[in-house]
Trainee: 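Take this structure first; my questions come after.
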Amino acid sequence: MAAADTAEITEEQFAAEALDFLEANAKRKAERRGFVWGEGPDNAALFEEIDRERERAELEASKEWRAAKYDAGFGWISGPAELGGGGMPRKFERVWGQLESQFDTPDGGFFGIGLGMVAPTILAHAEPEVSAEVLPQMYRADIVGCQLFSEPGAGSDLASLQMRAERDGEEWILNGQKVWTSGAHYSDIGEVIARSDFDLPKHQGLTGFLVDMKAPGVEVRPLRQMTGGANFNEVYFTDVRVPDSHRLGEVNQGWGVALTTLMNERAAIGGGSGGGTGGGSFTKLSAMAAHYGMADDALARQKLAEIYTHGKVLGWSNQRTMDALRAGKTPGPEMSLSKMGLIRQMNATCEFVADTIGPKLVVDSGEWGTFSWAGYVLGFPAMRIAGGSDEVMRNIVGERVLGLPKEPGIDTTSPFRELKVGTQRSE
(Lines give C-alpha, C1' and ligand atoms only; values in the text may rest on other atoms or scores of the structure.)
Protein backbone atom coordinates (compact mmCIF):
# COMPACT_ATOMS: atom_id res chain seq x y z
CA MET A 1 0.00 0.00 0.00
CA ALA A 2 1.34 3.39 -0.94
CA ALA A 3 1.18 6.11 1.71
CA ALA A 4 -1.26 8.09 -0.42
CA ASP A 5 -3.61 5.10 -0.47
CA THR A 6 -3.84 4.92 3.33
CA ALA A 7 -5.22 8.38 4.09
CA GLU A 8 -8.89 7.37 4.25
CA ILE A 9 -8.63 3.62 4.74
CA THR A 10 -10.83 2.08 7.42
CA GLU A 11 -9.89 -0.75 9.76
CA GLU A 12 -12.19 -3.07 7.84
CA GLN A 13 -10.56 -2.19 4.51
CA PHE A 14 -7.09 -2.56 6.00
CA ALA A 15 -7.97 -5.94 7.51
CA ALA A 16 -9.34 -7.15 4.17
CA GLU A 17 -6.14 -6.15 2.34
CA ALA A 18 -3.97 -7.66 5.04
CA LEU A 19 -5.93 -10.90 4.94
CA ASP A 20 -5.62 -11.07 1.14
CA PHE A 21 -1.84 -10.74 1.47
CA LEU A 22 -1.61 -13.36 4.22
CA GLU A 23 -3.82 -15.83 2.37
CA ALA A 24 -1.67 -15.46 -0.75
CA ASN A 25 1.70 -15.73 1.01
CA ALA A 26 1.31 -17.94 4.08
CA LYS A 27 -0.58 -20.96 5.34
CA ARG A 28 -3.13 -20.76 8.10
CA LYS A 29 -2.18 -22.48 11.32
CA ALA A 30 -3.75 -25.83 11.84
CA GLU A 31 -6.60 -25.81 14.31
CA ARG A 32 -5.25 -26.68 17.69
CA ARG A 33 -6.90 -29.24 19.88
CA GLY A 34 -7.09 -28.65 23.59
CA PHE A 35 -3.93 -29.12 25.63
CA VAL A 36 -3.37 -32.65 26.92
CA TRP A 37 -0.62 -33.41 29.40
CA GLY A 38 2.03 -35.62 27.81
CA GLU A 39 1.18 -34.70 24.21
CA GLY A 40 2.80 -32.25 21.82
CA PRO A 41 6.17 -30.44 22.03
CA ASP A 42 7.92 -30.80 25.36
CA ASN A 43 9.67 -27.47 25.66
CA ALA A 44 9.37 -24.91 28.44
CA ALA A 45 12.72 -23.14 28.02
CA LEU A 46 12.75 -19.35 28.24
CA PHE A 47 15.43 -19.02 25.57
CA GLU A 48 15.38 -21.11 22.42
CA GLU A 49 18.82 -22.62 22.05
CA ILE A 50 19.62 -23.90 18.57
CA ASP A 51 22.83 -24.54 16.69
CA ARG A 52 24.31 -21.79 14.53
CA GLU A 53 23.53 -23.53 11.23
CA ARG A 54 19.82 -23.86 12.01
CA GLU A 55 19.80 -20.32 13.38
CA ARG A 56 21.21 -18.94 10.11
CA ALA A 57 18.57 -20.80 8.09
CA GLU A 58 15.75 -19.52 10.29
CA LEU A 59 17.14 -15.99 10.14
CA GLU A 60 17.15 -16.04 6.34
CA ALA A 61 13.56 -17.28 6.26
CA SER A 62 12.55 -14.54 8.71
CA LYS A 63 14.30 -11.91 6.59
CA GLU A 64 12.49 -13.06 3.46
CA TRP A 65 9.12 -12.90 5.20
CA ARG A 66 9.73 -9.43 6.66
CA ALA A 67 10.93 -8.14 3.28
CA ALA A 68 7.80 -9.48 1.60
CA LYS A 69 5.42 -7.88 4.07
CA TYR A 70 7.39 -4.61 4.06
CA ASP A 71 7.19 -4.43 0.27
CA ALA A 72 3.44 -5.02 0.53
CA GLY A 73 3.04 -2.19 3.04
CA PHE A 74 2.75 -4.24 6.23
CA GLY A 75 6.31 -4.03 7.54
CA TRP A 76 6.16 -0.65 9.31
CA ILE A 77 2.50 0.22 9.28
CA SER A 78 2.57 3.16 11.69
CA GLY A 79 6.00 4.50 10.71
CA PRO A 80 6.44 7.97 9.19
CA ALA A 81 5.68 7.87 5.49
CA GLU A 82 8.74 10.01 4.70
CA LEU A 83 10.96 7.30 6.22
CA GLY A 84 9.36 4.38 4.42
CA GLY A 85 6.58 3.66 6.90
CA GLY A 86 2.89 3.35 6.23
CA GLY A 87 1.95 6.58 8.01
CA MET A 88 -1.11 4.91 9.53
CA PRO A 89 -2.51 4.99 13.09
CA ARG A 90 -0.96 2.56 15.58
CA LYS A 91 -4.25 0.71 15.91
CA PHE A 92 -3.61 -0.82 12.50
CA GLU A 93 -0.49 -2.50 13.90
CA ARG A 94 -2.75 -4.33 16.34
CA VAL A 95 -5.07 -5.41 13.53
CA TRP A 96 -2.13 -6.76 11.56
CA GLY A 97 -0.71 -8.58 14.58
CA GLN A 98 -4.00 -10.32 15.29
CA LEU A 99 -4.34 -11.47 11.69
CA GLU A 100 -0.71 -12.54 11.25
CA SER A 101 -0.91 -14.66 14.42
CA GLN A 102 -3.45 -16.86 12.64
CA PHE A 103 -0.87 -17.87 10.02
CA ASP A 104 2.25 -19.99 10.13
CA THR A 105 5.01 -17.45 9.49
CA PRO A 106 8.75 -17.38 10.32
CA ASP A 107 9.80 -16.27 13.78
CA GLY A 108 10.25 -12.51 14.06
CA GLY A 109 12.24 -12.71 17.29
CA PHE A 110 15.48 -11.97 15.44
CA PHE A 111 14.28 -8.39 14.99
CA GLY A 112 12.82 -7.79 18.45
CA ILE A 113 15.77 -5.83 19.82
CA GLY A 114 16.49 -3.94 16.62
CA LEU A 115 12.91 -2.86 15.94
CA GLY A 116 11.65 -2.72 19.51
CA MET A 117 14.58 -0.85 21.11
CA VAL A 118 17.18 0.41 18.63
CA ALA A 119 14.90 1.69 15.86
CA PRO A 120 12.82 3.96 18.16
CA THR A 121 16.08 5.42 19.47
CA ILE A 122 17.34 6.07 15.95
CA LEU A 123 14.04 7.74 15.11
CA ALA A 124 14.31 9.97 18.19
CA HIS A 125 18.02 10.84 18.18
CA ALA A 126 19.76 10.13 14.84
CA GLU A 127 20.49 12.66 12.12
CA PRO A 128 17.55 12.81 9.65
CA GLU A 129 19.61 11.47 6.76
CA VAL A 130 20.79 8.52 8.86
CA SER A 131 17.23 7.70 9.92
CA ALA A 132 16.11 7.89 6.30
CA GLU A 133 18.88 5.49 5.27
CA VAL A 134 18.85 3.00 8.14
CA LEU A 135 15.25 2.65 9.33
CA PRO A 136 13.74 1.37 6.04
CA GLN A 137 16.53 -1.22 5.88
CA MET A 138 15.84 -2.31 9.45
CA TYR A 139 12.09 -2.67 8.98
CA ARG A 140 12.63 -4.53 5.71
CA ALA A 141 15.22 -6.76 7.48
CA ASP A 142 17.96 -5.89 5.04
CA ILE A 143 19.97 -5.19 8.20
CA VAL A 144 19.56 -6.42 11.79
CA GLY A 145 20.31 -4.33 14.88
CA CYS A 146 21.55 -5.07 18.40
CA GLN A 147 22.03 -3.11 21.64
CA LEU A 148 25.48 -2.65 23.22
CA PHE A 149 25.12 -1.18 26.71
CA SER A 150 26.27 -3.46 29.56
CA GLU A 151 29.94 -3.91 30.41
CA PRO A 152 31.73 -6.27 32.84
CA GLY A 153 31.83 -3.43 35.40
CA ALA A 154 28.66 -1.63 34.35
CA GLY A 155 25.54 -3.74 34.23
CA SER A 156 22.76 -2.53 36.50
CA ASP A 157 24.82 0.61 37.13
CA LEU A 158 25.00 1.47 33.45
CA ALA A 159 26.25 4.99 34.15
CA SER A 160 29.55 3.46 35.29
CA LEU A 161 30.44 2.29 31.78
CA GLN A 162 34.06 2.83 30.74
CA MET A 163 34.14 2.20 27.01
CA ARG A 164 36.03 5.14 25.49
CA ALA A 165 34.97 7.33 22.58
CA GLU A 166 37.64 9.76 21.38
CA ARG A 167 37.02 12.39 18.73
CA ASP A 168 39.30 12.35 15.69
CA GLY A 169 38.12 15.01 13.27
CA GLU A 170 34.85 13.89 11.73
CA GLU A 171 35.18 10.42 13.24
CA TRP A 172 35.14 8.81 16.67
CA ILE A 173 37.42 5.98 17.80
CA LEU A 174 35.83 3.41 20.11
CA ASN A 175 37.77 1.14 22.49
CA GLY A 176 36.34 -1.15 25.15
CA GLN A 177 34.17 -4.17 25.85
CA LYS A 178 30.44 -4.82 25.96
CA VAL A 179 28.75 -7.91 27.35
CA TRP A 180 25.38 -9.76 27.32
CA THR A 181 24.70 -8.58 23.77
CA SER A 182 21.89 -10.65 22.28
CA GLY A 183 22.14 -11.28 18.55
CA ALA A 184 25.50 -9.55 18.11
CA HIS A 185 26.80 -12.46 16.02
CA TYR A 186 24.18 -11.96 13.30
CA SER A 187 23.64 -8.19 13.60
CA ASP A 188 24.75 -5.62 11.03
CA ILE A 189 24.49 -2.50 13.17
CA GLY A 190 24.53 -1.80 16.89
CA GLU A 191 23.55 1.00 19.22
CA VAL A 192 26.43 1.69 21.60
CA ILE A 193 26.89 4.10 24.50
CA ALA A 194 30.49 5.12 25.28
CA ARG A 195 32.22 7.59 27.61
CA SER A 196 33.36 10.64 25.66
CA ASP A 197 34.42 12.86 28.58
CA PHE A 198 35.96 11.44 31.78
CA ASP A 199 35.99 14.88 33.44
CA LEU A 200 32.20 15.01 33.70
CA PRO A 201 30.04 13.18 36.30
CA LYS A 202 29.09 9.57 35.62
CA HIS A 203 25.67 10.29 34.10
CA GLN A 204 27.21 12.94 31.88
CA GLY A 205 30.09 12.60 29.45
CA LEU A 206 28.35 9.73 27.64
CA THR A 207 27.62 9.72 23.91
CA GLY A 208 25.55 7.34 21.79
CA PHE A 209 26.59 5.96 18.40
CA LEU A 210 25.32 3.71 15.66
CA VAL A 211 28.17 1.34 14.84
CA ASP A 212 28.81 -1.04 11.94
CA MET A 213 29.08 -4.51 13.52
CA LYS A 214 31.18 -5.69 10.55
CA ALA A 215 33.70 -2.84 10.86
CA PRO A 216 37.41 -3.57 11.43
CA GLY A 217 38.14 -3.90 15.15
CA VAL A 218 34.75 -5.36 16.16
CA GLU A 219 35.09 -8.86 17.62
CA VAL A 220 32.09 -10.91 18.78
CA ARG A 221 32.55 -13.87 21.15
CA PRO A 222 29.69 -16.15 22.31
CA LEU A 223 28.95 -16.53 26.04
CA ARG A 224 27.95 -19.98 27.28
CA GLN A 225 25.10 -19.90 29.81
CA MET A 226 24.27 -22.35 32.58
CA THR A 227 21.39 -23.60 30.44
CA GLY A 228 23.99 -24.89 27.97
CA GLY A 229 23.15 -22.43 25.22
CA ALA A 230 24.92 -19.31 23.97
CA ASN A 231 22.23 -16.72 23.31
CA PHE A 232 24.40 -13.82 24.44
CA ASN A 233 27.77 -12.45 23.37
CA GLU A 234 30.61 -10.28 24.56
CA VAL A 235 31.82 -7.73 22.02
CA TYR A 236 35.27 -6.14 21.90
CA PHE A 237 36.01 -2.82 20.20
CA THR A 238 39.60 -2.05 19.20
CA ASP A 239 40.11 1.30 17.47
CA VAL A 240 36.72 1.05 15.79
CA ARG A 241 36.01 4.15 13.72
CA VAL A 242 32.51 5.64 13.60
CA PRO A 243 31.62 8.73 11.52
CA ASP A 244 30.27 11.65 13.53
CA SER A 245 27.18 11.56 11.33
CA HIS A 246 26.29 8.28 13.07
CA ARG A 247 26.31 9.86 16.50
CA LEU A 248 22.99 9.57 18.37
CA GLY A 249 22.02 12.82 20.02
CA GLU A 250 24.38 15.52 21.20
CA VAL A 251 27.93 14.94 22.41
CA ASN A 252 27.99 14.02 26.13
CA GLN A 253 24.18 13.66 26.19
CA GLY A 254 24.16 9.89 25.76
CA TRP A 255 22.35 9.20 29.04
CA GLY A 256 19.13 10.58 27.55
CA VAL A 257 19.69 8.41 24.48
CA ALA A 258 20.18 5.37 26.70
CA LEU A 259 16.98 6.10 28.63
CA THR A 260 14.99 6.18 25.38
CA THR A 261 16.26 2.69 24.58
CA LEU A 262 15.83 1.35 28.12
CA MET A 263 12.20 2.48 28.38
CA ASN A 264 11.43 0.74 25.10
CA GLU A 265 13.36 -2.32 26.28
CA ARG A 266 11.34 -2.55 29.49
CA ALA A 267 8.18 -2.09 27.46
CA ALA A 268 9.22 -5.04 25.31
CA ILE A 269 10.21 -7.26 28.26
CA GLY A 270 7.35 -6.32 30.54
CA GLY A 271 4.81 -6.47 27.74
CA GLY A 272 6.09 -9.74 26.37
CA SER A 273 4.12 -11.83 28.78
CA GLY A 274 0.66 -10.68 27.91
CA GLY A 275 -0.58 -12.51 30.97
CA GLY A 276 1.27 -15.74 30.21
CA THR A 277 4.09 -17.29 32.16
CA GLY A 278 6.90 -16.76 29.69
CA GLY A 279 7.67 -20.42 29.04
CA GLY A 280 4.52 -22.32 29.93
CA SER A 281 0.84 -21.45 29.94
CA PHE A 282 -1.40 -21.44 32.98
CA THR A 283 -3.28 -24.31 31.35
CA LYS A 284 -0.07 -26.33 31.24
CA LEU A 285 0.67 -25.62 34.90
CA SER A 286 -2.86 -26.61 35.90
CA ALA A 287 -2.49 -29.85 33.95
CA MET A 288 0.80 -30.49 35.74
CA ALA A 289 -0.95 -30.20 39.11
CA ALA A 290 -3.66 -32.62 38.00
CA HIS A 291 -1.12 -35.10 36.60
CA TYR A 292 0.70 -35.27 39.91
CA GLY A 293 -2.48 -35.56 41.96
CA MET A 294 -2.30 -32.07 43.38
CA ALA A 295 -5.42 -30.55 41.83
CA ASP A 296 -7.18 -30.57 45.21
CA ASP A 297 -4.12 -29.66 47.27
CA ALA A 298 -4.84 -26.34 49.00
CA LEU A 299 -1.26 -25.07 48.82
CA ALA A 300 -0.88 -25.99 45.14
CA ARG A 301 -4.18 -24.30 44.32
CA GLN A 302 -3.07 -21.19 46.20
CA LYS A 303 0.16 -21.04 44.19
CA LEU A 304 -1.72 -21.50 40.92
CA ALA A 305 -4.13 -18.74 41.91
CA GLU A 306 -1.15 -16.47 42.60
CA ILE A 307 0.32 -17.15 39.14
CA TYR A 308 -3.05 -16.57 37.49
CA THR A 309 -3.65 -13.33 39.40
CA HIS A 310 -0.19 -11.97 38.58
CA GLY A 311 -0.83 -12.77 34.92
CA LYS A 312 -4.18 -11.01 34.81
CA VAL A 313 -2.96 -7.87 36.56
CA LEU A 314 0.13 -7.79 34.35
CA GLY A 315 -2.01 -8.19 31.24
CA TRP A 316 -4.26 -5.27 32.23
CA SER A 317 -1.27 -3.10 33.08
CA ASN A 318 0.37 -3.89 29.76
CA GLN A 319 -2.86 -3.14 27.89
CA ARG A 320 -2.97 0.31 29.47
CA THR A 321 0.63 0.93 28.45
CA MET A 322 0.12 -0.34 24.91
CA ASP A 323 -2.92 1.93 24.53
CA ALA A 324 -0.75 4.87 25.63
CA LEU A 325 1.91 3.91 23.08
CA ARG A 326 -0.70 3.72 20.34
CA ALA A 327 -1.75 7.22 21.31
CA GLY A 328 1.80 8.37 20.60
CA LYS A 329 3.11 8.57 24.16
CA THR A 330 6.69 7.57 25.03
CA PRO A 331 7.28 4.63 27.43
CA GLY A 332 8.00 5.94 30.92
CA PRO A 333 8.98 4.62 34.35
CA GLU A 334 5.72 2.69 34.59
CA MET A 335 7.33 0.06 32.36
CA SER A 336 9.54 -0.82 35.31
CA LEU A 337 6.34 -1.87 37.08
CA SER A 338 5.49 -4.19 34.21
CA LYS A 339 8.90 -5.81 34.32
CA MET A 340 8.68 -6.23 38.10
CA GLY A 341 5.26 -7.82 37.67
CA LEU A 342 6.54 -10.24 35.05
CA ILE A 343 9.48 -11.26 37.25
CA ARG A 344 7.20 -11.88 40.22
CA GLN A 345 4.95 -14.06 38.09
CA MET A 346 7.84 -16.03 36.64
CA ASN A 347 9.37 -16.54 40.07
CA ALA A 348 6.07 -17.98 41.30
CA THR A 349 6.05 -20.29 38.29
CA CYS A 350 9.57 -21.55 39.07
CA GLU A 351 8.61 -22.26 42.67
CA PHE A 352 5.45 -24.09 41.64
CA VAL A 353 7.25 -26.26 39.08
CA ALA A 354 10.08 -27.13 41.50
CA ASP A 355 7.63 -28.02 44.28
CA THR A 356 5.44 -30.10 41.96
CA ILE A 357 7.93 -32.24 40.04
CA GLY A 358 10.75 -32.21 42.61
CA PRO A 359 13.98 -34.03 41.67
CA LYS A 360 12.61 -34.88 38.21
CA LEU A 361 13.40 -31.30 37.30
CA VAL A 362 17.14 -32.05 37.19
CA VAL A 363 17.11 -35.61 35.81
CA ASP A 364 17.00 -36.13 32.04
CA SER A 365 14.92 -39.30 32.29
CA GLY A 366 12.96 -38.80 29.10
CA GLU A 367 9.70 -38.38 30.99
CA TRP A 368 7.48 -35.75 29.35
CA GLY A 369 7.07 -32.47 31.21
CA THR A 370 9.93 -32.88 33.70
CA PHE A 371 13.53 -32.12 32.69
CA SER A 372 12.30 -29.76 29.96
CA TRP A 373 11.42 -27.28 32.71
CA ALA A 374 15.10 -26.99 33.64
CA GLY A 375 15.48 -24.58 30.73
CA TYR A 376 12.87 -22.34 32.33
CA VAL A 377 14.20 -22.46 35.88
CA LEU A 378 17.84 -21.96 34.81
CA GLY A 379 16.92 -19.22 32.37
CA PHE A 380 14.85 -17.24 34.86
CA PRO A 381 17.80 -15.56 36.68
CA ALA A 382 18.75 -13.86 33.42
CA MET A 383 15.32 -12.27 33.28
CA ARG A 384 15.89 -10.71 36.70
CA ILE A 385 18.86 -8.87 35.21
CA ALA A 386 17.84 -8.20 31.60
CA GLY A 387 16.69 -4.64 31.02
CA GLY A 388 17.71 -3.62 34.54
CA SER A 389 17.92 -5.68 37.72
CA ASP A 390 15.09 -6.02 40.23
CA GLU A 391 16.83 -3.55 42.53
CA VAL A 392 17.19 -0.95 39.79
CA MET A 393 13.52 -1.35 38.84
CA ARG A 394 12.48 -0.73 42.45
CA ASN A 395 14.66 2.36 42.63
CA ILE A 396 13.11 3.73 39.43
CA VAL A 397 9.58 3.16 40.69
CA GLY A 398 10.42 4.59 44.10
CA GLU A 399 12.11 7.71 42.80
CA ARG A 400 10.29 8.46 39.55
CA VAL A 401 6.80 7.13 40.29
CA LEU A 402 6.42 7.49 44.06
CA GLY A 403 8.65 10.55 44.39
CA LEU A 404 10.86 9.08 47.12
CA PRO A 405 14.37 10.49 47.78
CA LYS A 406 17.17 9.24 45.58
CA GLU A 407 19.34 6.34 46.70
CA PRO A 408 21.96 7.73 49.13
CA GLY A 409 25.66 7.41 48.40
CA ILE A 410 25.50 7.75 44.62
CA ASP A 411 28.01 10.37 43.50
CA THR A 412 26.47 12.30 40.63
CA THR A 413 28.68 15.38 40.84
CA SER A 414 32.36 14.30 40.91
CA PRO A 415 34.27 13.83 37.64
CA PHE A 416 34.05 10.21 36.53
CA ARG A 417 37.84 9.75 36.50
CA GLU A 418 37.87 10.43 40.27
CA LEU A 419 35.39 7.66 41.06
CA LYS A 420 36.60 4.21 42.10
CA VAL A 421 34.78 2.23 39.44
CA GLY A 422 36.22 -1.14 38.48
CA THR A 423 39.60 -0.67 36.79
CA GLN A 424 38.94 2.92 35.77
CA ARG A 425 41.97 4.53 34.16
CA SER A 426 42.94 7.89 35.64
CA GLU A 427 44.61 9.61 32.69
Side-chain angles (χ1 to χ4, degrees), residues 1-3 5-6 18 21-22 24-26 50 52-88 92-93 96-97 100 103 105-148 181-192 208-218 220 231 233 235 240-243 245-248 257 260-261 264-265 268:
M1 291 181 293
D5 300 332
T6 64
F21 171 81
L22 289 165
N25 293 278
I50 58 179
R52 289 289 193 252
E53 183 177 353
R54 178 185 162 194
E55 182 182 60
R56 283 193 294 271
E58 292 186 2
L59 174 60
E60 288 307 312
S62 297
K63 283 185 170 183
E64 290 178 7
W65 172 247
R66 174 154 279 281
K69 67 181 185 181
Y70 181 89
D71 292 344
F74 302 108
W76 193 14
I77 296 167
S78 62
E82 64 273 17
L83 295 178
M88 304 176 70
F92 288 86
E93 297 275 7
W96 168 263
E100 187 182 28
F103 290 79
T105 61
D107 178 23
F110 293 103
F111 317 115
I113 292 175
L115 300 183
M117 305 173 199
V118 179
T121 305
I122 294 173
L123 184 61
H125 296 286
E127 294 291 334
E129 59 270 21
V130 173
S131 293
E133 175 189 357
V134 173
L135 289 177
Q137 295 184 72
M138 292 185 71
Y139 280 95
R140 194 179 183 275
D142 294 328
I143 57 177
V144 180
C146 65
Q147 171 198 8
L148 301 133
T181 307
S182 303
H185 55 290
Y186 56 72
S187 292
D188 303 288
I189 60 172
E191 178 195 348
V192 62
F209 301 94
L210 200 60
V211 63
D212 179 0
M213 294 298 290
K214 312 299 182 186
V218 178
V220 179
N231 296 85
N233 305 274
V235 184
V240 177
R241 289 186 170 271
V242 180
S245 59
H246 282 62
R247 173 170 39 84
L248 297 171
V257 175
T260 299
T261 307
N264 281 287
E265 179 180 26

Trainee: Just verifying a value: how many Å separate Glu100 CD and Glu93 CD, rounded to the nearest 0.5 Å?
Mentor: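 If I round to the nearest 0.5 Å, the distance is 10.5 Å.
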
Trainee: So, does Asp107 use its side chain to make a donor-acceptor pair with the main chain of Gly109 at under 3.5 Å?
Mentor: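 Between the backbone of Gly109 and the side chain of Asp107 there is a qualifying donor-acceptor contact (under 3.5 Å).
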
Trainee: Quick one: does any side-chain atom of Asn233 pair with a main-chain N or O of Val220 as donor and acceptor, under 3.5 Å?
Mentor: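 Side chain of Asn233 to backbone of Val220, a donor-acceptor pair under 3.5 Å: no, none is there.
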
Trainee: Step by step, work out the side-chain contact (heavy atoms from CB on, under 4.5 Å) result for Phe111 and Ser62.
Mentor: CA-CA 9 Å; Phe111 317 115; Ser62 297; 3.8 Å; yes

Trainee: If you measure from CD1 on Ile77 to CZ on Phe92, what distance do you get to the nearest 0.5 Å?
Mentor: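 Reported value, rounded in 0.5 Å steps: 9.0 Å.
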
Trainee: Could you tell me whether the side chain of Arg66 and the main chain of Gly75 form a donor-acceptor pair under 3.5 Å?
Mentor: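 A pair under 3.5 Å: yes.
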
Trainee: For the backbone of Ile189 and the side chain of Asp212, can you confirm whether one donor and one acceptor N or O come within less than 3.5 Å of each other?
Mentor: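 Such a contact is absent between Asp212 side chain and Ile189 backbone.
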
Trainee: Are Pro80 and Leu123 packed together at the side-chain level, in the sense that at least one heavy-atom pair is separated by less than 4.5 angstrom?
Mentor: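 Side chain of Pro80 against side chain of Leu123, heavy atoms only: contact under 4.5 Å found.
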
Trainee: Counting C-beta onward and ignoring hydrogens, is there a side-chain heavy-atom pair between Val144 and Lys63 closer than 4.5 Å?
Mentor: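 Yes, side chains in contact.
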
Trainee: Pick out which of Ile143, Val240, Val192, Val218 makes a side-chain contact (heavy atoms from CB on, under 4.5 Å) with Met213.
Mentor: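 Answer to the side-chain contact (heavy atoms from CB on, under 4.5 Å) test with Met213 among Ile143, Val240, Val192, Val218: Val218.
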
Trainee: Minimum heavy-atom separation for Cys146 and Ser182, please, with both atom names.
Mentor: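 Smallest heavy-atom distance, with atoms named: CB-O, 3.7 Å.
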
Trainee: With Glu191, which of Ile113, Leu148, Leu248, Ile122 fulfils side-chain contact (heavy atoms from CB on, under 4.5 Å)?
Mentor: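 It is Leu248; the other options fail the test.
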
Trainee: Which value, rounded to the nearest 0.5 Å, describes the distance between Arg247 atom CZ and Phe209 atom CZ?
Mentor: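 It comes to 7.5 Å.
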
Trainee: In Å, rounded to the nearest 0.5 Å, how long is the span from CZ of Arg52 to OH of Tyr186?
Mentor: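 Atom-to-atom, Arg52:CZ and Tyr186:OH are 9.0 Å apart.
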
Trainee: Please determine, by modelled atom types, if Ser245 and Glu129 share a side-chain donor-acceptor pair under 3.5 angstrom.
Mentor: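 No, no side-chain donor-acceptor contact under 3.5 Å.
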
Trainee: Would Trp65 and Glu60 count as having a side-chain donor-acceptor pair, cut-off 3.5 Å?
Mentor: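 There is no such pair (donor and acceptor under 3.5 Å, judged by atom type) between the side chains of Trp65 and Glu60.
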
Trainee: Parallel, tilted or perpendicular for Trp96 and Phe74, by the 30°/60° rule?
Mentor: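 Parallel.
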
Trainee: Just by distance, with hydrogens left out, do Thr261 and Thr121 show a side-chain donor and acceptor under 3.5 Å apart?
Mentor: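 Indeed, the side chains of Thr261 and Thr121 share at least one donor-acceptor pair under 3.5 Å.
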
Trainee: Please report the interatomic distance CG(Leu59) to CD(Glu64), rounded to the nearest 0.5 Å.
Mentor: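 Interatomic distance, Leu59 CG to Glu64 CD, rounded to 0.5 Å: 10.0 Å.
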
Trainee: With a 4.5 Å heavy-atom cut-off, do Trp76 and Leu115 have their side chains touching?
Mentor: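 Trp76 vs Leu115: side chains apart.
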
Trainee: What is the minimum heavy-atom distance between Ala61 and Pro106, and which atoms define it?
Mentor: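 Closest approach of Ala61 to Pro106: O-CG, 3.6 Å.
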
Trainee: Between OG1 of Thr260 and NE2 of His125, what distance do you get to the nearest 0.5 Å?
Mentor: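 The OG1 atom of Thr260 sits 3.0 Å away from the NE2 atom of His125.
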
Trainee: Does a side-chain heavy-atom distance below 4.5 Å link Gln147 with Thr181?
Mentor: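 The answer is no, as the side chains (C-beta and beyond) never meet within the 4.5 Å cut-off.
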
Trainee: How close do Ser131 and Leu83 get, heavy atom to heavy atom, and via which atoms?
Mentor: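 For Ser131 versus Leu83, the nearest heavy atoms are C-CD2, 4.1 Å.
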
Trainee: For Glu55 and His185, test the side chains for any donor-to-acceptor distance below 3.5 angstrom and give the result as yes or no.
Mentor: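 On atom types as modelled, these side chains qualify, holding a pair under 3.5 Å.
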
Trainee: Apply ring-ring contact (aromatic ring centres under 6.0 Å, His included) to Tyr70 and list each qualifying residue two or more places apart in sequence or on a separate chain.
Mentor: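 Result, ring-ring contact (aromatic ring centres under 6.0 Å, His included) vs Tyr70: none returned.
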
